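Worksheet: one structure, shown below.
Order of the sequence lines sets the chain letters (A, B, ...), proteins ahead of strands, with each chain counted from 1. Being a predicted model, the structure only gives us computed values, none of them experimental.
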There are 2 protein chains.
Amino acid sequence: MSALTGERRRDAERTRLELLDVATDEFAERGYSGARVDEIAARTRTTKRMIYYYFGGKEQLYLAVLERAYAEIRAAERTVDVDHLEPAAALRRLAEVTFDHHEAHPAFIKLVGVENAQHAKHMNHVARLVDLNSSAVALLDDVLKRGRRDGTFRDGVDALDVHMLISSFCFFRVANRHTFGALFDRDLLDPERREHYRTMLGDLVTGYLQI
Amino acid sequence: MSALTGERRRDAERTRLELLDVATDEFAERGYSGARVDEIAARTRTTKRMIYYYFGGKEQLYLAVLERAYAEIRAAERTVDVDHLEPAAALRRLAEVTFDHHEAHPAFIKLVGVENAQHAKHMNHVARLVDLNSSAVALLDDVLKRGRRDGTFRDGVDALDVHMLISSFCFFRVANRHTFGALFDRDLLDPERREHYRTMLGDLVTGYLQI
DNA sequence: GGGCTAATGAACTAACTGGTACGTTAGTTA
DNA sequence: TAACTAACGTACCAGTTAGTTCATTAGCCC
């Protein structure tokens, strides 16, 4: 009964959060159908019953996981301030933020893969995500416009294409590190090569805008 | 009994191949744990029993699928001849071949995703794959060396990094088209934008080598 | 054409899995 | 302090799933 003994108390919010945390890891690691409701429950201090109590079922739990993961990564992106930087430096900075994010949140990357494997059918139920993401591209678009105005960047480059370029590089490095490592014996996440890839991405993106 | 009626005859090789074809599609579409042995069998002209007869089990069937998929894509790559092209054109050509391949073989892309979701643990059992893949990079390395010699390309760019860059762009476009489409309302595989992305990749890669 | 074996099919099973019925308890409120 | 409800736990169920058993057949070899 005492808090000192670490025994259970009623705490709805903590129970919910603990389920979300463990479920994020399970879904990211094993995919939607591979994740086991029993396993998720076993890894928390609560029981399977609570998944149905708080979320309704496996699918709704997955949806909650997905929504929170996207919300977190976009919230962090919004905190970046690039207005005080020259266009080229700002562009590089934005690329680096994505680079750092992908590396720091492998579970998010895996969830993106899981969701694509299901043709993004769950994502359509989370309308909020669209707003979150388009704001990230709007930021990028501003930087490109600024660069065009001062002659740093060439015309005719679409912000969404640049976003795709940045994402693809960062995503691949994290998502496919296992097959890439197995086939070419190179660990894309080796800390010693981290700066090299970060610089490479920046060069690539600014280079593309200045051709 | 007659071949004209389309009735069943004994044909070990055809049975094996049919299982492989259907299994490729099932594993690509639903992932390893999501794929159902019964479903694979139901979609062929044979029965589940044959999966165990020819392959041993679900896992060995998956392994056979993976090995064949990689063998096919690398075999096609080896047929490309770039010796008669200038380094920049050769590099662009190699990028385009990968681009075309990824687009034409979405099942392969999905299998790569499935295998990464499992930390490439099956891939280690298919030693043959390493040889196949390193030959693709060797080809790229030759082109880069040639370009350096004639002053077209700058020094200090690693062939494997270029391969990664090309792969990441092509992979992302196919693998993440669903979430990307849902979030930004842009179909990365829209035929009307195909040439744009193909050119973009070529510009990107040759641009990176000439900075 | 009779024996032999690779190839095949139907039915079964043991274990698993998402979901639920139903009873219990902690903490709040009057 | 008694009533009340949100929060929780146990035990179970019905459907599913990978894998197996065992009998059967097609086609080849002599």
Side-chain angles (χ1 to χ4, degrees), chain A residues 1-66 114 118 121-122, chain B residues 1-66 114 118 121-122:
Chain A
M1 306 292 179
S2 150
L4 289 171
T5 65
E7 283 186 32
R8 292 184 202 152
R9 288 292 175 115
R10 300 202 160 192
D11 189 340
E13 201 48 34
R14 202 210 53 184
T15 300
R16 241 189 78 96
L17 273 179
E18 200 177 346
L19 281 170
L20 265 183
D21 288 340
V22 173
T24 297
D25 190 63
E26 276 284 310
F27 282 122
E29 210 52 52
R30 306 188 197 278
Y32 180 74
S33 69
R36 298 286 166 243
V37 174
D38 282 302
E39 177 64 20
I40 292 170
R43 287 177 52 191
T44 67
R45 272 170 291 187
T46 185
T47 62
K48 181 168 64 158
R49 178 69 183 77
M50 291 299 98
I51 290 175
Y52 293 89
Y53 185 71
Y54 284 115
F55 298 96
K58 183 181 184 178
E59 187 168 0
Q60 291 97 312
L61 175 59
Y62 171 76
L63 246 139
V65 163
L66 196 67
V114 169
Q118 296 171 90
K121 71 173 173 181
H122 294 102
Chain B
M1 305 292 180
S2 148
L4 288 173
T5 66
E7 284 186 32
R8 291 184 203 152
R9 289 290 175 115
R10 299 205 161 191
D11 189 340
E13 200 48 33
R14 202 210 53 182
T15 300
R16 241 190 78 96
L17 272 180
E18 200 177 345
L19 282 170
L20 265 183
D21 287 340
V22 174
T24 296
D25 191 62
E26 275 285 309
F27 281 122
E29 209 51 51
R30 307 189 196 277
Y32 179 74
S33 70
R36 299 286 168 243
V37 174
D38 281 302
E39 178 63 21
I40 293 170
R43 287 177 52 191
T44 65
R45 271 171 292 187
T46 183
T47 63
K48 182 169 63 159
R49 178 68 182 80
M50 291 299 98
I51 290 174
Y52 292 90
Y53 186 72
Y54 284 115
F55 298 96
K58 184 181 184 178
E59 187 167 1
Q60 292 97 314
L61 175 60
Y62 171 76
L63 246 139
V65 162
L66 196 67
V114 169
Q118 297 172 87
K121 70 173 174 182
H122 295 101

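- For Arg36(A), taking side-chain heavy atoms from C-beta onward, the closest of the listed nucleotides dT10(D), dG9(C), dT17(C) is dT17(C).
- Using a 4.0 Å heavy-atom distance criterion, Ala41(A) is classed as making no nucleic acid contact.
- The side chain of Tyr53(B) lies closest to dA6(C) when the candidates are dA6(C), dG9(C), dG18(C).
- For the pair Met50(A) CE and dT10(D) P, the interatomic distance rounds to 11 Å; values are reported in whole Å.
- If you take CG of Leu61(A) and P of dG19(C), they are 10 Å apart, rounded to a whole angstrom.
- Rounded to whole angstrom, the span from the CZ atom of Phe55(B) across to the P atom of dA18(D) amounts to 16 Å.
- Taking all atoms of both residues into account, the shortest heavy-atom contact from Glu18(B) to Arg45(B) is OE2-N, 3.1 Å.
- Counting all heavy atoms, side chain and backbone alike, Val114(B) lies closest to Phe27(B) at CG2-O, 3.7 Å.
- Rounded to an integer number of Å, the gap from CD of Glu39(B) to C1' of dG19(D) is 17 Å.
- Taking atom CG on Leu19(B) and atom C1' on dA7(C), their separation rounds to 13 Å, with Å as the unit.
- What separates CD of Glu18(B) from C1' of dT8(C) is a distance of 14 Å, to the nearest Å.
- For the residue pair Gly34(B) and Ser33(A), the shortest heavy atom distance occurs at CA-OG, 3.2 Å.
- Taking both residues in full, the closest heavy atoms of Val65(A) and Ala23(A) are given as CG2-CB, 3.7 Å, listed atom of the first, atom of the second, then distance.
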Could you list the donor-acceptor pairs under 3.5 angstrom formed by side chains in residues 48-61 of chain A, with sequence neighbours left out?
unit_1	atom_1	unit_2	atom_2	d
Lys48(A)	NZ	Asp38(A)	OD1	3.3
Lys58(A)	NZ	Tyr32(A)	O	2.9
Lys58(A)	NZ	Ala35(A)	O	2.9
Glu59(A)	OE2	His122(A)	NE2	3.2

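- Ile51(B) has its CD1 atom 9 Å from the P atom of dA18(D), to the nearest Å.
- Separating the CG atom of Asp38(B) from the P atom of dG19(D) is a distance of 11 Å, rounded to the nearest angstrom.
- Listed pair Thr46(B) / dA7(C) fails the phosphate criterion, with no side-chain N or O lying under 4.0 Å from OP1 or OP2.
- Phosphate contact (OP1/OP2 of dA7(C), side-chain N/O of Thr15(B), threshold under 4.0 Å): absent.
- If you take CG on Leu20(B) and CD1 on Ile40(B), they are separated by 10.0 Å, rounding to the nearest 0.5 Å.
- Considering OG1 of Thr44(A) and CZ of Arg14(A), their distance stands at 9.0 Å, rounded to 0.5 Å.
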For nucleotides 20-22 of chain C, which of its nitrogen or oxygen atoms have a protein nitrogen or oxygen under 3.5 Å away, and what is each distance?
unit_1	atom_1	unit_2	atom_2	d
dC22(C)	N4	Arg49(A)	NE	3.4

